[in-house]
Amino acid sequence: AQSVTQLGSHVSVSEGALVLLRCNYSSSVPPYLFWYVQYPNQGLQLLLKYTTGATLVKGINGFEAEFKKSETSFHLTKPSAHMSDAAEYFCAVGTGTYKYIFGTGTRLKVLA
Amino acid sequence: EPEVTQTPSHQVTQMGQEVILRCVPISNHLYFYWYRQILGQKVEFLVSFYNNEISEKSEIFDDQFSVERPDGSNFTLKIRSTKLEDSAMYFCASGGGIFGSPLHFGNGTRLTVT
């Protein structure tokens, strides 16, 4: 069965600092991996996705993630945090049955 | 860009009452989903729907829940007899059906059961 683990339910970074949000997955089949962002009182917005091909994936708002099969990881990074990045971030894995499993989320706080 | 729309944005109901949450998925999508998020917690899969039938459901999706696509555009989630623990944000999502294509989410319906 597929699963997703997000380490750190809360992450705080200073404005301008590196953002690193961790995601590890478990999948018995080649995974499709996604990062979504949720702003307060809103739905989930796709940041980026990995399906096949290049393992470094670039998304919106300057975010990127690298698929590392050997580490079963798909960590999300951004070189320089902005105040507007404060939100909840969810990692998700797509399964062979079209069901998408979400992690527990990481709330990112950006300090001025 | 096409959007998934959900109505109402907020629904308050009394315990034991029936509620219907409505969604209009993206028109050319084939797969439809309901997820829920209890306040401050993870996004939980409820059910997926394809070709006018449930393709998969979670253990949360018991006999009190049902889904329907009554016409070519709407996708509904019905809770027959609401419980306090059904209070959550309910998200509808749709997907194009191509393996690996992302889900597109609506802004959710906040259900409050009193």
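Hydrogens, waters and symmetry mates play no part in the numbers below; they use all other heavy atoms, side chains included. Here is how names work: the chains are called A, B, and so on, in the same order as the sequence lines, proteins then strands, and each is numbered from 1.
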request  = Pick one of side chain, backbone, both or neither for B:Gln37, based on which atoms fall under 4.5 Å of a heavy atom in chain A.
outcome  = side chain

Atom group of [X] that falls short of 4.5 Å from chain B, counting heavy atoms:
{"X": "A:Gln38", "answer": "side chain"}
{"X": "A:Phe102", "answer": "both"}
{"X": "A:Tyr50", "answer": "neither"}
{"X": "A:Leu46", "answer": "side chain"}

note = Which of B:Tyr90, B:Phe105, B:Phe61 passes ring-ring contact (aromatic ring centres under 6.0 Å, His included) with B:Tyr35? It is B:Phe105

ask   = Would you call A:Lys99 and B:Glu56 a salt bridge, taking side-chain N to carboxylate O under 4.0 Å as the test?
value = yes

Which of A:Phe90, A:Tyr100, A:Phe34, A:Tyr36 touches chain B most, by non-hydrogen pairs under 4.5 Å = A:Tyr100

query = Under 6.0 Å from the CG atom of B:Asp63, do we count more than 12 heavy atoms belonging to anything else shown?
reply = no

request  = State, without any angle test, whether B:Thr112 and B:Ser87 hold a side-chain donor-acceptor pair at a distance under 3.5 Å.
outcome  = no

task = Consider only side-chain N and O atoms of A:Thr106 and A:His10, and report whether a donor and an acceptor are under 3.5 Å apart.
result = no

